Amino acid sequence: CEQGTAAYDSAGRPIYLDGVILDVTHMKAIELALRESTEHFKQLFDNMSSGVAIYEAVDNGADFVIVDINAAGEKLSSVRAAEVEVYLRERFGVRMRERGVPENLLAAMEFSLLAGGKRLRPVLCLVFAELFETDRARVMPFAAGFEIIHTYSLIHDDLPAMDDDDLRRGRPSNHKVFGEAGAILAGDALLTEAFGCMGRVWPGVAAELVLPARAEAAKAAGAAGMVGGQVLDMEYTARQGLTLAELARMQALKTGALLTASCVCGAILAGAGEEGVARAREYGEAVGAAFQIVDDILDEIGDAATLG
């Protein structure tokens with residue numbers, strides 16, 4: 001939201017945001033996360049080599065205000081996203097063909113992997129590596145691995161046994177084109193290949209940094225992270241009386257874990273040290289909470305043509 005349009009003030013009074021009132025549960029969850037991280041946001045991005053403040057959190061008293069990403073930050077993000085796109089199209093696909101991956105399987109994998117998107121997770125990984133003075137080209141395979149994991153999760157989320165969605169990013173979901181079995185196997189392949197991709201940053205990045213970063217990514221993607229969050233989401237869907245703590249935990253796992261790991265792994269691979277990694281984690285957790293809130297709002301007010 002733009003400056004001056006916080007959805008609730010400190011007394012819990014609703015403030016309109018483009019005609020929509022956010023619920024108290026969501027606002028209080030994100031307000032807490034951002035209040036605790038404000039100073040670290042400023043410190044992290046004030047220290048960027050580019051000198052560009054990508055994200056600024058401002059506490060102006062009664063209302064908590066999030067200032068929108070500025071034009072320079074958007075440009076930086078788009079450059080990195082374009083580089084990720086090139087890697088996925090020109091490096092990942094070529095490597096799969098060189099290894100003799102069946103064409104029908106690769107077609108299903110690339111159908112979703114190359115369908116566009118913000119490439120937010122790899123961009124976060126690249127930005128945090130740069131923040132701690134590491135060339136982003138050195139960590140590109142690892143960063144791309146986050147997008148590959150994310151893509152697998154979208155394919156499986158759309159399946160009839162899960163969210164049963166027919167559209168993804170404005171076109172048919174993977175299982176609508178390749179069948180349920182084809183979609184499941186494409187997702188399985190992407191998840192597995194993601195960790196192989198992450199390992200390709202060695203020897204450019206020391207093994208003692210790559211191993212803990214891969215462990216962080218695995219935890220975020222697995223039973224204690226994204227998969228566990230999806231299980232809770234399915235459990236909570238038909239349940240009444242969901243508590244704030246339960247909602248926050250589910251969202252932190254399902255959406256926040258992979259976003260947080262993207263930031264943390266960029267810092268780890270750059271040798272940021274304990275303090276730097278802790279700050280990257282704090283930022284990632286807050287962004288994960290904000291991302292989920294925006295996603296929930298769009299689910300209510302967006303249209304299929306825009307959201308896919």
Side-chain angles (χ1 to χ4, degrees), residues 7-8 22-37 112 117-118 120-121 124 145-169 173-175 180 183-184 186-188 190-192 194-195 214-265 280-302 307-308:
Y8 278 87
L22 307 185
D23 64 83
V24 178
T25 297
H26 272 145
M27 280 308 300
K28 289 195 178 300
I30 189 59
E31 182 181 51
L32 176 62
L34 289 175
R35 280 187 187 280
E36 292 177 347
S37 301
S112 296
K118 298 178 288 296
L120 175 61
R121 292 153 190 82
L124 285 170
F146 280 113
E147 189 66 24
I148 298 170
I149 293 171
H150 176 57
T151 301
Y152 121 78
S153 74
L154 298 181
I155 293 174
H156 281 193
D157 278 355
D158 289 340
L159 289 166
M162 302 283 281
D163 291 347
D164 195 15
D165 285 326
D166 293 342
L167 285 177
R168 172 67 64 179
R169 290 173 177 162
S173 298
N174 196 288
H175 68 275
E180 289 184 39
I184 291 170
D188 291 345
L190 285 167
L191 176 60
T192 307
F195 288 97
R214 284 174 75 174
E216 183 77 26
K219 179 181 177 182
M226 183 174 62
V227 174
Q230 180 65 41
V231 170
L232 292 178
D233 189 20
M234 295 171 66
E235 176 186 331
Y236 293 162
T237 297
R239 214 182 92 183
Q240 298 295 319
L242 189 65
T243 68
L244 173 58
E246 289 172 329
L247 175 66
R249 178 171 180 247
M250 181 270 289
Q251 293 182 341
L253 296 178
K254 181 182 177 182
T255 302
L258 206 60
L259 286 166
T260 300
S262 300
C263 302
V264 170
C265 289
R281 188 181 304 281
E282 188 173 20
Y283 174 82
E285 289 171 352
V287 167
F291 186 92
Q292 184 62 58
I293 290 169
V294 171
D295 192 56
D296 287 349
I297 295 169
L298 291 177
D299 280 346
E300 295 298 323
I301 67 173
L307 299 177

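If you're wondering where the values come from, they're calculated on a predicted model, not measured in any experiment.
Between A261 and F146, the shortest heavy-atom distance links the atoms O-CZ, 3.6 Å. Among all heavy-atom pairs drawn from E246 and G241, the shortest one is OE1-O, 4.3 Å. Of all the heavy atoms in M250 and D233, the pair that sits closest is CG-N, 3.7 Å.
Put simply, the side chain of H156 does not reach to within 4.5 Å of the side chain of L191, judged on heavy atoms. Looking at heavy atoms from C-beta onward, P160 lies in side-chain contact with H175 at the 4.5 angstrom threshold. You'll find the side chain of H150 reaches within 4.5 Å of the side chain of L258, heavy atoms only. The shortest side-chain heavy-atom distance between T243 and L247 does not fall under the 4.5 Å cut-off.
Annotation: cation-pi pair R121/F291 present, NZ/CZ under 6.0 Å from the ring centroid and within 45° of its normal.
When the side-chain contact (heavy atoms from CB on, under 4.5 Å) test is applied to M234, the partners found at least two apart in sequence or on another chain are M162, Q230. Scored by the salt bridge (charged side-chain N to carboxylate O under 4.0 Å, His left out) test, D166 finds K176 as partners (sequence neighbours excluded). Partners of A194 under the side-chain contact (heavy atoms from CB on, under 4.5 Å) rule, at least two apart in sequence or in another chain, are I148, I149.
In this structure, the side chain of S173 engages the main chain of L167 through a donor-acceptor pair within 3.5 Å. Using modelled atom types, no side-chain atom of T255 and backbone atom of Q292 make a donor-acceptor pair closer than 3.5 Å. Judged by distance alone, with hydrogens and angles left aside, the side-chain atoms of R214 form a donor-acceptor pair with the main-chain N or O of F195 at under 3.5 Å.
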